[in-house]
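Okay, so here's the structure we're looking at.
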Amino acid sequence: MASLRPTRDRIPTQVFTPSKVNVSVKSYLLNEQKAIGKIVDATIRPTDVDLQYKHGNIILEFSAATYLHFSKTLLQHLEAHTDLTCSIHDKQDKSGKVVEQSIAVKCNQNLRQHYRINLYNTTCRVEVNGRNHHMFFDELQAISKQMDSIKDYSSVNKKIREECIKLQQTSAKKINKTSPPAILNNGASEDQSVTTNTFSKELTVANKNHQDTVNKGTDRSAPDNICPKCNRTLLSRGVFCIKGNHWIHYACEKLKKSEIEELEKESNNIQYTCTI
């Protein structure tokens, strides 16, 4: 009588890769001309990375080339990590373009979430939040060392800017399909003679500024602490609007108690947009 093969031989092993992600579709169609304009703006930012600490969130603003390199290196770093695991959620517009990516970083042993990393592709910004968001600084230092392969991003930013301007001038409706890794590799080969790693230097300065901000506490006089509906400083409970990059009172938004409770859950991953 013929014997059955063991189950492990009949069922292929499922290996996690970054391409296996959850996907949700937003209710809008990306304005490509505006998106290209934002990327052009990102290519001429004065620094390759600017780190800020606002209301318990770590916010990183990159130049366009640095953002492409960082996002690629981040995924590689998390995939190879022995103590952490992650789940990825892509947020697409109606045409299928990935406008945002949300990464839940968890402990590999008990799968408890440490923090969440949100990547905004059109503005080249990254936001880290969650109960243990401070743990991300250790990973950030390791990622910056892995990014040493590119010493200067200026020529890559210039190349991205030129391509974007061409698209704007010709009113192209599809973004250039040149893969980010190919662009970055070309930039790296052109700039090997440059010996200063601007990203690592700026990260060190930014990290120090972050520590100063934490020690001094939240600056209530900052412009984004002014509620745009009542024009008063946010001294009571409120929510951060990711679209307008400002805080707004719960009362001004007329939020229900159940909605407020949902927003204030530590485990929530809601990216709130106000009604203004």
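Not measured: the values here are computed from a predicted model.
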For a 4.5 angstrom cut-off between non-hydrogen side-chain atoms, does [X] reach [Y]?
X	Y	result
Asn132	Arg112	no
Tyr120	Val126	no
Leu75	Ile88	yes
Glu100	Lys26	yes
Leu74	Ile117	yes

Would you give the length of the straight line joining atom [atom1] of [X] to atom [atom2] of [Y], rounded to the nearest 0.5 angstrom?
X	Y	atom1	atom2	value
Asp41	Cys124	CG	SG	10.0 Å
Glu127	Gln52	CD	CD	11.5 Å
Leu140	Leu51	CG	CG	7.0 Å
Tyr115	Met135	OH	CE	6.5 Å
Asn118	Leu60	CG	CG	12.0 Å
Asp148	Ile143	CG	CD1	12.5 Å

Under a 3.5 Å threshold, yes or no: a donor from one side chain and an acceptor from the other, between Ser24 and Gln92?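 Absent: no donor and acceptor within the cut-off.
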State, to 0.1 Å, how close [X] and [Y] come at their nearest heavy-atom pair, and which atoms those are.
X	Y	answer
Gly244	Cys241	N-SG, 3.3 Å
Thr43	Arg161	OG1-NH1, 3.1 Å
Ala64	Ile39	CB-O, 4.0 Å
Cys252	Lys229	O-NZ, 3.3 Å

Classify the ring geometry of His69 against Tyr153: parallel below 30°, tilted from 30° to 60°, perpendicular beyond 60°.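 Ring orientation, 0 to 90° scale: tilted.
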Classify the angle between the aromatic ring planes of Phe240 and His55 as parallel (below 30°), tilted (30 to 60°) or perpendicular (above 60°).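 Aromatic pair Phe240/His55 classed tilted.
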Can you sort out the partners of His81 under ring-ring contact (aromatic ring centres under 6.0 Å, His included), two or more places apart, ordered by chain and number?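 Partners of His81 under the ring-ring contact (aromatic ring centres under 6.0 Å, His included) test: His77.
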Yes or no on salt bridge (Lys or Arg N to Asp or Glu O under 4.0 Å) for Lys166 and Glu163, after CA distance, side-chain angles and deciding distance? CA-CA 5 Å; Lys166 284 180 185 178; Glu163 292 300 318; 3.7 Å; yes
Which residues pass the side chain to side chain donor-acceptor pair (under 3.5 Å) test with Ser95, not counting sequence neighbours?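 Ser95: side chain to side chain donor-acceptor pair (under 3.5 Å) contacts with Asp93, Lys97.
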Looking only at atom types and distance, does a side-chain atom of [X] sit under 3.5 Å from a main-chain N or O of [Y], one as donor and one as acceptor?
X	Y	result
Asp48	Ser63	no
Asp50	Glu61	no
Arg45	Phe62	yes
Ser71	Tyr67	yes

Working note: Ile160 + Leu68, criterion side chain to side chain contact (heavy atoms under 4.5 Å, CB included); need CA distance, chi angles, decisive distance, verdict. CA-CA 11 Å; Ile160 294 172; Leu68 291 175; 3.8 Å; yes
Are Ile59 and Val128 linked, directly or through intermediate hydrophobic residues, by side-chain heavy-atom contacts shorter than 4.5 Å (ILVMFWY only)?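 Looking at the clustering, Ile59 is in a separate group from Val128.
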Tell me, with the steps shown, if Tyr53 and His133 meet ring-ring contact (aromatic ring centres under 6.0 Å, His included). CA-CA 11 Å; Tyr53 189 82; His133 63 278; 5.6 Å; yes
Check this for me: Lys38, atom NZ, are more than 12 non-hydrogen atoms of other residues, nucleotides or ligands nearer than 6.0 Å?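 Not more than 12 within 6.0 Å, no.
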